[in-house]
**Student:** 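Got a structure for you, written out below as structure tokens; questions coming shortly.
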Amino acid sequence: MIAIAFKSRRTRRTERVIFWLLRLATYFILACATYIFLDIGIKGSRTVFTSTPPFINLPFLTEPPQTLYVFDYDGKKMTLSDRQFREWKSAHAGVDVEATSVAYSAGGIWPCIVGTALLVIGSMALALGIGISSAIYLSEYSRNGRWIRLVRIAILNLAGVPSIVFGLFGFGLFVIFFGWNVSLIAGWFTLGLMVLPAIITASEESLRAVPQGLREGSLALGASKWQTIRKNVLPYALPGILTSSILGIARVAGETAPIMFTAAYAMKDEMPWQVAKFTDFFFQGVMALPYHIYVVSSKIPQNEYTERVQYGSAFVFLFLVMLIALTSIVLRERSRSRLSW
Amino acid sequence: MVATLEMPETTSPTIVNQPEQVPKAEIERAMIEIEQLDFAYGAHQVLHGVNLNIPARAVTAFIGPSGCGKTTLLRCLNRMNDLIDSARITQGAIRIEGVDINAPGVDVVDLRRRVGMVFQKSNPFPKSIYDNVAYGLRIAGITKRSLIDEAVEKSLRSAALWEEVKDRLHVSGYGLSGGQQQRLCIARALAVEPEIVLMDEPCSALDPIATAKVEELIRQLKEQYTIVIVTHNMQQAGRCSDHTAFFYLGRLIEFDQTAKIFSNPAQRQTEEYITGRFG
């Protein structure tokens, strides 16, 4: 006769407690994420969307930031942007009003979007160029030895460097030592170096995923090593490299620390293409979305009018980053189904 | 070129590997001369003093149990082992039409164009059938469309694949069956007009019908090419080769006409292997 022991009351209680602890931990994350997205989504959409056609607040997306002027006139509360205020004053010549000015709280974030786009394009071009080249060297040409192991360790360590340290490094080397000042090109190099380890790792993985048989088949037909890589390895690795790199884009677009000393201006009146001569383009600072959010959230006096820009910028920023991540996922799935061996 | 048949003494006293059984008249012209070849992966020596003359315009089969070095030797013939770190020829030489292929200054790219290879696992490129066959030509710098068209058709016909694929040249080579893929790889190798074709167990992944087609193809190809085939399948060696070399533990045990090897081998080990007593 087998005596089946029943679980003691204590065991059962421990089981239930553990179960609920684990469950609550999971729900806690979910709740936080939901709160953040809802908060930014709701408050941000008040800025970005409008209740009348075209339903999108185009000035917010297409105008530069302006100072907001708030004043009472004729018993009404007026909130006018810099430009509107000057027009209003010329229309009401002789009227003297006491206006409160709130920095950056009128207008839009167009220069920030453009600046972030420029930073991303330049730094990714740089990082992809250097990163893919060195990945090809590491996986196709180099022989595994002590030196190459050292290089790999260096790359791994580079990935662990905090972004603010990259910022300081870029400031010291590019801005001060090379004398590039706060400029696009200094930002490109700083951000490029920051994503380089991720690009190299992703590229190496994609290159390794190309079957050895394709290399041997090509070499056996009298192709040189470089012809083999260019015609029969790289084309098949490239989709993987590019999709993984899109996640790098999200990181480059999102970082504030590396650009705050190297490339970002809090405010700039000219758009990046309004330069005297071509070379000036590379040596100008730009506005950037993450830095703009930082500035409007902590560098200007807070009041009821500043929230509009903070949440609006955060909303647009979040939307852009999610769009990039989504593109990456879609591209990856598509390239996966197209290339299989 | 006339073969040198006076083979040096083997380094191993226990195994006689002088292919003295090959009558002089049989090998009119040695395409490949392998002389006292030692080969090692790092410290692990896998080929020991191999002496072998491979005749032109004939099929030579390498047989032997797994790990006997036959694939390694085959990959030495187009220097495919260059791709493997630490793998090297430690002694001896391989000459193709009298030229030492491992001499400094030899263009390995040109060598591989002249010595084509078909791999054990069929490895079509993820391109269309047409582009697979045209790959080697384009690599060689041929851009004229009509020339490539002509060569693609000729190669596919040589590989007995033309009739099956002529209506779908521009679909992916991956859509073909296993046997067709292997014949596509053969066509691809023939397109660059090599003089020698190396085949590393070309039928190991194929069903009997596909195997029969590839074997038939091999028999036809020897009219134009020198063929060296590695196989685990002794019936296959018997069916489609003119000469057979039997390897065991990195040594060439016996090399002779296929008929002689299979009916009246000179070495006891060869006989035991062929009759299935070991290996």
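Here is how names work: the chains are called A, B, and so on, in the same order as the sequence lines, proteins then strands, and each is numbered from 1.
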**Student:** Verify the neighbour count for atom CD of B:Glu150: are there more than 12 heavy atoms of other residues, nucleotides or ligands below 6.0 Å?
**Tutor:**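 For B:Glu150, atom CD is not crowded (no more than 12 foreign heavy atoms under 6.0 Å).
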**Student:** May I ask you to name which of A:Ala223, A:Gly213, A:Ala220 has the most heavy-atom pairs under 4.5 Å with chain B?
**Tutor:**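 Max contact count across the listed options: A:Ala220.
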**Student:** Are more than 12 heavy atoms, taken from residues, nucleotides or ligands other than B:Lys154, located less than 6.0 Å from that residue's NZ atom?
**Tutor:**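 No, not enclosed.
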**Student:** So do the side chains of A:Gln227 and B:Tyr135 get within less than 4.5 Å of each other, counting heavy atoms only?
**Tutor:**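 Answer no - side chains too far apart.
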**Student:** Counting only heavy atoms not in A:Phe278, do more than 12 sit closer than 6.0 Å to its CZ atom?
**Tutor:**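 At most 12 heavy atoms, drawn from other residues, nucleotides or ligands, come within 6.0 Å of this atom.
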**Student:** Less than 4.5 Å to any heavy atom of chain A: does that hold for the side chain of B:Pro124, its backbone, both, or neither?
**Tutor:**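 Backbone of B:Pro124 only, per the 4.5 Å heavy-atom cut-off to chain A.
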**Student:** Rounded to the nearest 0.5 Å, what separates atom CG in B:Asn123 from atom CZ in A:Arg215?
**Tutor:**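 CZ of A:Arg215 is found 12.0 Å from CG of B:Asn123.
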**Student:** Please say whether more than 12 non-hydrogen atoms of neighbouring residues, nucleotides or ligands are located less than 6.0 Å from NZ in B:Lys121.
**Tutor:**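 Count not over threshold, so no.
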**Student:** Who in residues 67-86 of chain B is close to chain A, using a strict under-4.5 Å heavy-atom cut-off?
**Tutor:**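 Within residues 67-86 of chain B, the residues that come under 4.5 Å of chain A (heavy atoms only) are B:Arg75, B:Asn78, B:Met80, B:Asp82, B:Leu83, B:Asp85, B:Ser86.
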**Student:** Mark yes when over 12 heavy atoms from residues, nucleotides or ligands other than B:Tyr41 sit less than 6.0 Å from its OH; otherwise mark no.
**Tutor:**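 Count over threshold, so yes.
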**Student:** For B:Glu193, I'd like to know if atom CD has over 12 heavy atoms of other residues, nucleotides or ligands within 6.0 Å.
**Tutor:**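 No.
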**Student:** Counting a contact as any heavy-atom pair under 4.5 Å apart, which residues of residues 100-112 of chain B contact chain A?
**Tutor:**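 When heavy atoms of chain A are the reference, residues 100-112 of chain B contributes B:Val109, B:Arg112 within the under-4.5 Å range.
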**Student:** Is B:Phe125 close to chain A through its backbone or its side chain, or both, or neither, when contacts mean heavy atoms under 4.5 Å?
**Tutor:**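 Both backbone and side chain of B:Phe125 come within 4.5 Å of chain A.
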**Student:** Using non-hydrogen atoms only, which part of B:Val118 is less than 4.5 Å away from chain A: side chain, backbone, both, or neither?
**Tutor:**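 Contact with chain A is absent: no heavy atom of B:Val118 under 4.5 Å.
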**Student:** Can you tell me if CH2 on A:Trp147 sees more than 12 non-hydrogen neighbours from other groups inside 6.0 Å?
**Tutor:**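 Open.
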**Student:** Does the side chain of B:Lys127 reach to within under 4.5 Å of the side chain of A:Asn232, using non-hydrogen atoms?
**Tutor:**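 Sidechains of A:Asn232 and B:Lys127: in contact.
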